[in-house]
Amino acid sequence: QVQLVESGGGLVQAGGSLRLSCAASGRTFSDYAMAWFRQAPGKEREFVAAISRSGSTTSYADSVKGRFTISRDNAKNTVYLQMNSLKPEDTAVYYCAARISSWSNSAYGSRESNYDYWGQGTQVTVSS
């Protein structure tokens, strides 16, 4: 019902910034609450940030709060993750996730099971 494609990953130095994008196709993008997760090598996937359909409600993992910002542009069918002050421990594959939602202001948080669709991931590597 929706396809998600992440982009914007790459190699950056500690303290630098990247902006990830997740482009959606299929069902109307504004029908979905969205989130970012990440998975470092040898570790389980962890929640990063979530955003409601309208963009009015956001949530963040404690590890990224104050450094990362999730946003969306429904006219462009795209969700973003602006990552500032990057640290080596931010190195991971970052995944975009989507959940169909009937409520414009609800975000669905950190549970992987809350999300119906996933992108293929984009690699972020932060060097020291």
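Bear in mind that the values here come from a model prediction, so they are computed numbers and not experimental data. Positions are given from 1 along the sequence.
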**OP:** Indicate, with yes or no, if the rings of Phe47 and Tyr60 have centres closer together than 6.0 Å.
**Re:**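 No, they do not, as the ring centres are separated by 6.0 Å or more.
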Original post:
Between Trp36 and Phe68, is the gap from one ring center to the other below 6.0 Å?
Top reply: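 No, ring centres 6.0 Å or more apart.
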Answer yes or no: is there a side-chain heavy-atom contact under 4.5 Å between [X] and [Y]?
X: Trp118; Y: Glu112; answer: yes
X: Val79; Y: Cys96; answer: yes
X: Ser127; Y: Leu11; answer: yes
X: Gln39; Y: Tyr95; answer: yes
X: Phe29; Y: Lys76; answer: no

Can you give me the closest heavy-atom contact between [X] and [Y], atom names plus distance?
X: Gly109; Y: Phe37; answer: O-CZ, 4.2 Å
X: Ser17; Y: Val12; answer: O-CG1, 3.9 Å
X: Val2; Y: Leu4; answer: CG2-CD2, 4.0 Å
X: Ser128; Y: Ala14; answer: CA-CB, 4.4 Å
X: Met83; Y: Tyr94; answer: SD-CE2, 3.8 Å

Subject >> Interatomic distance, Thr69 atom OG1 to Asn84 atom CG [nearest 0.5 angstrom] >> reply: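 Spacing of OG1 (Thr69) from CG (Asn84) equals 6.5 Å.
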**OP:** Drop me the distance from Ser21's OG to Arg72's CZ, to the nearest 0.5 angstrom.
**Re:**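 Answer for the OG-CZ pair, Ser21 versus Arg72, is 13.5 Å.
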Honestly curious: do [X] and [Y] fall in one hydrophobic cluster under the side-chain, below-4.5 Å linking rule?
X: Val64; Y: Val126; value: yes
X: Leu18; Y: Ile70; value: yes
X: Val124; Y: Tyr80; value: no

I'd like to know if the side chain of [X] reaches the main chain of [Y], judged simply by a donor and an acceptor atom lying under 3.5 Å from each other, with no hydrogens or angles considered.
X: Gln123; Y: Gly10; value: no
X: Arg67; Y: Ser85; value: yes
X: Arg99; Y: Asn114; value: yes

Original post:
Could you go step by step and tell me if Arg19 and Leu81 meet the side-chain contact (heavy atoms from CB on, under 4.5 Å) rule?
Top reply: CA-CA 6 Å; Arg19 188 178 73 161; Leu81 185 68; over 6 Å; no
**OP:** Run the numbers on Ser101 and Tyr108 for side-chain hydrogen bond (donor to acceptor under 3.5 Å, both in side chains), then give the verdict.
**Re:** CA-CA 9 Å; Ser101 177; Tyr108 291 88; 2.8 Å; yes
Original post:
Crowded around Glu89 CD? As in, over 12 foreign heavy atoms under 6.0 Å?
Top reply: yes
**OP:** List the steps and the verdict of side-chain contact (heavy atoms from CB on, under 4.5 Å) for Gln3 and Val5.
**Re:** CA-CA 7 Å; Gln3 293 78 47; Val5 179; 5.6 Å; no
Original post:
Going by atom types only, do Asn105 and Ser54 share a side-chain donor-acceptor pair under 3.5 Å?
Top reply: yes
Original post:
Going by atom types alone, do Thr78 and Asp73 pair a side-chain donor with an acceptor below 3.5 Å?
Top reply: no
**OP:** Assess whether side-chain contact (heavy atoms from CB on, under 4.5 Å) is satisfied between Cys22 and Met34, documenting all intermediate values.
**Re:** CA-CA 10 Å; Cys22 174; Met34 304 295 296; 4.2 Å; yes
**OP:** Just do the side-chain contact (heavy atoms from CB on, under 4.5 Å) check on Arg53 and Asp31 with the steps written out, would you?
**Re:** CA-CA 6 Å; Arg53 287 172 56 192; Asp31 290 343; 3.9 Å; yes
Subject >> Identified side chain to side chain contact (heavy atoms under 4.5 Å, CB included) counterpart of Arg38 within the set Val48, Leu20, Thr122, Thr91 >> reply: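 That would be Val48; it is the only one of Val48, Leu20, Thr122, Thr91 passing the side chain to side chain contact (heavy atoms under 4.5 Å, CB included) with Arg38.
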